[in-house]
Amino acid sequence: MSSTLTESTDPWCLRDGESVALLRDHPWRRFAVLGDSVAEGLCEPVDGYPEVQWADRVAAELRAVRPELAYLNLGLRGLRAHEVRATQLAPALAFRPDLALVVCGGNDAFHPAYDADAVDAELTAIIEALRAAGADVITVGMFDVSHSPAVPERHRAGLAERMRRLSAHTGALAERLGTLHVRLTDHPLTADPSIYSSDGRHGSARSDAIAAAETVRRLGAHLTTARSADGAAR
């Protein structure tokens with residue numbers, strides 16, 4: 001990454017006015033976030049990028065269109081998928097969201113004993129409950145953190161296989177359950193060291209800016225499809 005690159009010049013980040021155009025007249029008024037440290041947001045600083053984590057960025061873009069948007073972030077570092085369901089689903093439902101971001105499973109996939117089917121079951125339970133309560137749900141195939149320079153070489157291959165399995169399984173769940181899925185695992189920058197933090201587990205402020213841009217673009221694509229369908233029905 002060029003040392004002079006900033007968020008305003010980064011081709012992978014939102015351009016001025018892009019978010020407002022994409023989210024024009026969006027219907028969401030209550031946004032909940034469930035998950036692990038990625039949801040909580042650790043956001044290691046990078047020169048030229050504000051230290052604003054991914055979910056907070058998405059909430060800010062939604063609020064730019066609807067200032068009354070209510071926002072609840074339940075994300076907590078260290079949680080596995082079953083712990084996210086056990087501790088966050090009930091308060092999320094009590095919040096009555098009409099839009100929810102669910103991101104978990106990464107802590108499961110960091111372990112060699114990762115059980116993809118068990119994580120799928122937890123994600124399915126979370127997504128189905130939120131959908132049944134009337135919320136649109138965002139799911140994510142995360143950046144492949146095995147590319148982080150801080151990951152020891154001996155762990156890279158195994159971690160890459162597990163992270164990509166998690167991403168593939170989450171993508172399949174998204175298709176089956178009808179979520180708004182954000183695909184980051186094969187993003188052109190997934191192997192770029194500038195998007196990873198020094199701990200070998202998380203992203204940098206640049207990663208959060210890019211993830212927020214891709215999330216807003218996915219929401220915008222959904223709204224465009226909905227508007228087209230509504231126009232065709234009239």
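Residue numbers run from 1 in the order of the sequence given.
Tyr71 meets the ring pair (Phe, Tyr, Trp, His ring centres under 6.0 Å) test with Phe31; sequence neighbours excluded.
Cation-pi geometry between Arg162 and Phe110 is not met at under 6.0 angstrom from the ring centre and within 45 degrees of the axis.
Within the structure, salt bridge (charged side-chain N to carboxylate O under 4.0 Å, His left out) pairs that include any residue of residues 110-127 comprise Arg85-Glu122 (at least two apart or interchain). Annotation: salt bridge (charged side-chain N to carboxylate O under 4.0 Å, His left out) contacts involving residues 164-173, sequence neighbours excluded, comprise Asp144-Arg164, Glu161-Arg165, Arg164-Asp186.
Val84 approaches Asp36 most closely through the heavy-atom pair CG2-N, 4.4 Å. Taking each heavy atom of Leu5 and Arg206 in turn, the nearest pair found is CD2-NH2, 3.5 Å. A pairwise comparison of heavy atoms in Ser167 and Thr185 identifies OG-OG1, 2.6 Å as the closest pair. Taking all atoms of both residues into account, the shortest heavy-atom contact from Ala39 to Gln53 is O-NE2, 3.3 Å. Here the closest non-hydrogen pair linking Thr139 and Ala174 is OG1-CB, 3.5 Å.
Two residues are said to be in side-chain contact when any heavy atoms from C-beta on lie closer than 4.5 Å; Val33 and Trp54 fail this criterion. Contact check for Val216 versus Leu14: side-chain heavy atoms found under the 4.5 Å cut-off.
No side-chain N or O of Ser197 forms a donor-acceptor pair with one of Glu44 less than 3.5 Å apart. A donor-acceptor contact under 3.5 angstrom links the side chains of Arg80 and His111, judged on distance only. Asp208 and Tyr49 form no side-chain donor-acceptor contact under 3.5 Å, judged by distance and modelled atom types alone. Side-chain atoms of Thr190 and His147 include no donor-acceptor pair closer than 3.5 Å.
At most 12 non-hydrogen atoms from other residues, nucleotides or ligands lie less than 6.0 angstrom from CZ of Arg96.
Between Arg57 and Glu7 a salt bridge is recorded (basic side-chain N to carboxylate O distance below 4.0 Å). One finds a salt bridge joining Glu18 and Arg217 here, because a Lys/Arg side-chain nitrogen approaches an Asp/Glu carboxylate oxygen to under 4.0 Å.
Here the two rings, on His187 and Phe143, have centers that are under 6.0 Å apart.
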